[in-house]
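Just follow the structure's listing: the first ligand is 1, and inside any ligand the first atom is 1.
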Amino acid sequence: MNLYAFELGRKKELCLAELLAVLGEENLVEKNMDTAIFKSEEKNFQDLQNSLGGTIKIIEIFKIAQATQIKDSVKEYLEENFRDKTGKINFSLTVLNQKFPDKILIKNLLISSKKILKELGLNSRFVNQNFGNTKPSTIYKARVIEKGVDINIIYGNKNIYIGNTVAIQDIDNYSLRDFNRPKRDALVGMLPPKLAQVMINLALLKGKTKGIIYDPFCGTGVIPMEGLLMGHDVIGSDIDQRMVEYTQENCNWLIKTFKPENNPSFRTFKNDARHLTKTELPEKITAIVTEGYLGPALTKYPTEGEQEKTFRELSNLHLNWLKQIHALTSKDLRVVMCLTGFKKNASITHFPRFKELATLAGYKIENTYSYDREDQIVIRDIVILTKI
Ligand SMILES: C[S@@+](CC[C@H](N)C(=O)[O-])C[C@H]1O[C@@H](n2cnc3c(N)ncnc32)[C@H](O)[C@@H]1O
């Protein structure tokens, strides 16, 4: 079984949780600052990468080494893998798990690698600038994986892992789904497709088999769309008929544009999640994945009184819809949802007393992960619930 390093996205704990859910805790070898190393027998890494919202790139480890062996290990790899190549090689080098990546190491390795490639009769272009690490988006845009190699020096807990990138986040595809879907609504929600994928993976655990995902607050349909793309059947409902139509149109567009595997189906209906009945939801749902309602859109930080009012209204809403859905679903149901928080500078006010609310509705909290961005006032905490 081979070793692979997964470079974690911005919210490291959340990204690791996604990997543990998809690849299995038993396969984790070690977790570092930027990466998690797993054993894996996966065959198609770009497919795996495309289904992981929280992984930036996947690196196949070809050598476990000590510091003194790095240069020779890279040399050996290049000689072995580039001997029969022709044309111009795009080459990049990334050092991971160092707070301040070692520029001297990067410089020496770039220079020696260029020399080795030249000795093999190959012209090469370095993507790194100023002997620093290269951004994944630059590696993607320069098509380094297809036209050459991205070598990674990964500082592990005891060893140094050296590997080549085998898959990278397809940023064009994400932005197509995010910005080119037919219906968007800045006021209703801008759930990033990557976060929707992470939430679906957290709900499904090793989510390869086809499930039925239900989003009772579907809005413009980002979660149903991502569910379809991952090959699951999806159901979306919303209190607002316009949103039901938006989800319908976006899902139709997604199926037409991406032709997802497994031939997944979707349906939508108008509904107040607090009053859902078996007639409206007769299916055996595998998981509920929803952003939920986050409260009114804000342009400035709310006063304490405004925060309390929003939390009070949302508590009522969450208690009622969670209770209602509890009665209609099976014992092993998982719910992955977002809770509203408010952020000012570095301080976050989280949703108060949610544990008591969840217990009252018949659930226990398995885990919570914060998902905030620098410029946000309203932030989301991702919560995983199971039935008591
Ligand atoms: C934050 S938005 C969801 C955005 C969505 N994730 C998307 O991809 O566009 C919340 C949605 O919840 C809906 N909503 C609010 N209260 C509801 C309720 N009681 N039952 C069902 N839907 C509700 C709103 O109409 C809105 O579309």
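Atom CG of Leu109 sits about 12.5 Å away from atom NZ of Lys107, to the nearest 0.5 Å.
Heavy-atom contacts of Asp240 reach the following atoms of ligand 1: 25 (O) (cutoff under 4.0 Å). Within ligand 1, the atoms closer than 4.0 Å to a non-hydrogen atom of Pro216 are 21 (C), 22 (N), numbered from 1 in the order shown. Atoms of ligand 1 lying under 4.0 Å from at least one heavy atom of Met243, given by number and element, are 27 (O). Counting atoms of ligand 1 from 1 in the listed order, those under 4.0 Å from a heavy atom of Asn271 are 20 (N), 21 (C). For ligand 1, the atoms lying closer than 4.0 Å to a non-hydrogen atom of Asp272 are 18 (C), 19 (N), 20 (N). The contact set between ligand 1 and Gly221, taken as ligand atoms under 4.0 Å from a residue heavy atom, comprises 7 (C), 8 (O), 9 (O). Annotation for ligand 1: atoms under 4.0 Å from non-hydrogen atoms of Leu317 are 19 (N). In the vicinity of Val222, heavy-atom distances shorter than 4.0 Å reach the ligand 1 atoms 8 (O).
Between Phe351 and His318, the angle of the ring planes lies from 30° to 60°, which puts this pair in the tilted group. Using bins of under 30°, 30° to 60° and over 60° for the plane-to-plane angle, the ring pair Tyr363/His326 lands in the perpendicular bin.
Using a cut-off of 4.0 Å between Lys/Arg side-chain N and Asp/Glu carboxylate O, Lys11 and Asp372 are scored as salt-bridged. Between Arg10 and Glu374 there is no salt bridge, since no side-chain nitrogen of the basic residue lies less than 4.0 Å from a carboxylate oxygen of the acidic one.
When the heavy-atom distances from atom 4 (C) of ligand 1 to Arg242, Met199, Glu291 are ranked, the shortest goes to Glu291.
Heavy-atom distances between Cys218 and ligand 1 reach below 4.0 Å in at least one pair. For Gly292, the heavy-atom gap to ligand 1 drops under 4.0 angstrom. Every heavy atom of Thr290 sits 4.0 Å or more from the atoms of ligand 1.
Considering backbone and side-chain atoms alike, Asp215 places every N or O at 3.5 Å or more from each N or O of ligand 1. Polar contact with ligand 1: absent for Ile223 (N/O pair, distance under 3.5 Å). Considering backbone and side-chain N/O of Leu191, none are found under 3.5 Å from N/O of ligand 1. Residue Tyr293 places no N or O, backbone or side chain, under 3.5 Å from any N or O of ligand 1.
Under the 6.0 Å distance and 45° angle rule, Lys57 does not count as a cation-pi partner of Phe6. A cation-pi contact, defined as under 6.0 Å to the ring centre and within 45° of the axis, links Arg242 to Tyr246. Lys194 forms a cation-pi arrangement with Tyr174, by the criterion of a distance under 6.0 Å to the ring centre and an angle within 45° of the ring axis.
Using a 4.5 Å heavy-atom cutoff, the side chains of Phe217 and Leu317 are in contact.
Of the candidates Phe45, Phe38, Tyr161, Tyr4 forms a ring pair (Phe, Tyr, Trp, His ring centres under 6.0 Å) with just one, namely Phe45.
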